[in-house]
Novice: 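Okay, handing you the structure first.
Values in this document were obtained by computation on a predicted structure and should not be read as measured data. Naming: A, B, ... by sequence-line order, numbering from 1 per chain.
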2 protein chains.
Amino acid sequence: MRIGELAERAGTTPRTLRYYESLGLLPPADRAGNGYRSYGEEHLRMLEQIRTLQEYGFGLEETRPFVECLRAGHPAGDTCAASLAVYRSKLAEIDAWTARLTAVRAEVAAQLLRAEREAGAEAGADAEPLCELTAVLAEAGRPDEGTPPQ
Amino acid sequence: MRIGELAERAGTTPRTLRYYESLGLLPPADRAGNGYRSYGEEHLRMLEQIRTLQEYGFGLEETRPFVECLRAGHPAGDTCAASLAVYRSKLAEIDAWTARLTAVRAEVAAQLLRAEREAGAEAGADAEPLCELTAVLAEAGRPDEGTPPQ
DNA sequence: GCTGGCCCTGACGCGTACGTCAAGGTCTAC
DNA sequence: GTAGACCTTGACGTACGCGTCAGGGCCAGC
């Protein structure tokens, strides 16, 4: 299988596969006589593992233990100790982010309410509907802040 | 007030102030006869507004309406309509992130549990404590993924 | 034999928010 | 008069995950 076919089957691009190889994330592909990279099904499995983890918000480096687990011949990339450790630290990271977002949401919602009150006071008495919208938004969710992975 | 003093009072650096000015986020500072930038208290207020929002995870561009609100002479940066709109869209963004993190956490926790079972099966019967740790972690939190702003 | 599609390597671009360095001018104090 | 602390502009570096050329080789079909 050449790079274009593998890329398509994996839902990615040749550029990305070369990039992973340059990082040492994927093992160097065999080369055909003309210098073209030659891949097997095991490479597809590694790429699927990487993509899944990326969709979860893992960085490429965090996928490395999973890929190496597959390279070591394990049927799954996440049954090795190092992979399990990454899963666990990711859960902790997620929890930390969630807590931060929750706190920030509360802060922003409070600021919004205050600012709307002050805006109304500044302008006189005319912007009532804004306050109702705000109250709805304030009750709707939890805080979030920034751009978490994934 | 020169740039170094303002930066220190605002808890930032001269480089950052020049950067903001280059973005047009801060108004161009007056210049003393020697070419040095000269600032007043109003610049400090703008910087405090920017810093607060950054701690909430706002990007610099998102702080622009707040700064312009102050520049327009309002006593607070967040009582203008554009600022309120940014607050509201930020709340929505936070809620979206929180939902995503929650979903991802559930996925990762499920994968972790499955992988631990499979790891135990692969190795025979010896890795029991791992499963107990996992159960604790799985109950502890919610999902998170990636690196949200702030 | 030639067009078109695939492959190769190397290198620059992007977005964010600055840090850091270079090369030089200015002002204060000793 | 000179050391030291401040200021100026300009430009490159950082982290991430590739996208997008540029310039060139390889191969199948007509």
Novice: Mind running a 4.0 Å heavy-atom check of residues 24-45 of chain A against DNA chain D and sending the residues that fall below it, in number order?
Specialist: N34(A), Y36(A)
Novice: Using a cut-off of less than 4.0 Å, is there contact between a side-chain N or O of Y20(A) and OP1 or OP2 of dC18(D)?
Specialist: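 Looking at the OP1 and OP2 atoms of dC18(D), one of them is under 4.0 Å from a side-chain N or O of Y20(A).
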Novice: Atom CZ of R2(A) to atom P of dG25(D): distance rounded to whole Å?
Specialist: 18 Å
Novice: Does a nitrogen or oxygen in the side chain of R18(B) sit under 4.0 Å from OP1 or OP2 of dT8(D)?
Specialist: yes
Novice: How close or far is atom P of dC6(C) from atom CD of E8(A), stated in whole angstroms?
Specialist: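 E8(A) atom CD is separated from dC6(C) atom P by 9 Å.
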Novice: For nucleotides 28-30 of chain C, print each protein N/O atom paired with a nucleotide N/O atom at under 3.5 Å, atom names and distance only.
Specialist:
none

Novice: Salt-bridge test for R51(A) and E55(A): reply yes if a basic N is under 4.0 Å from a carboxylate O, no otherwise.
Specialist: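 Salt bridge between R51(A) and E55(A), a charged N being under 4.0 Å from a carboxylate O: yes.
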Novice: When the ring planes of Y56(B) and F58(B) are compared, do they come out parallel, tilted or perpendicular, using 30° and 60° as the limits?
Specialist: tilted
Novice: I'd like to know if the side chain of S83(B) and the backbone of G77(B) have a donor-acceptor N/O pair within less than 3.5 Å.
Specialist: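 Confirmed, S83(B) side chain pairs with G77(B) backbone.
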Novice: Taking the six-membered ring for Trp, is the centroid-to-centroid distance between F66(B) and Y87(B) below 6.0 Å?
Specialist: yes
Novice: Distance check: side-chain N/O of T16(B) vs OP1/OP2 of dG19(C), anything under 4.0 Å?
Specialist: yes
Novice: To the nearest angstrom, how far is M1(A) atom CE from dC6(C) atom P?
Specialist: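 Interatomic distance, CE of M1(A) to P of dC6(C): 16 Å.
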Novice: Please state how far atom CZ in R15(B) lies from atom C1' in dT16(C), giving the value in whole angstrom units.
Specialist: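 Rounding to the nearest Å, CZ of R15(B) and C1' of dT16(C) are 12 Å apart.
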Novice: Report yes if a side-chain nitrogen or oxygen of T13(B) is closer than 4.0 Å to either non-bridging phosphate oxygen (OP1 or OP2) of dG19(C); otherwise report no.
Specialist: yes
Novice: Roughly how many Å is it from CD in E21(A) to C1' in dC7(C), rounded to a whole number?
Specialist: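 It is 13 Å, rounded to the nearest whole Å.
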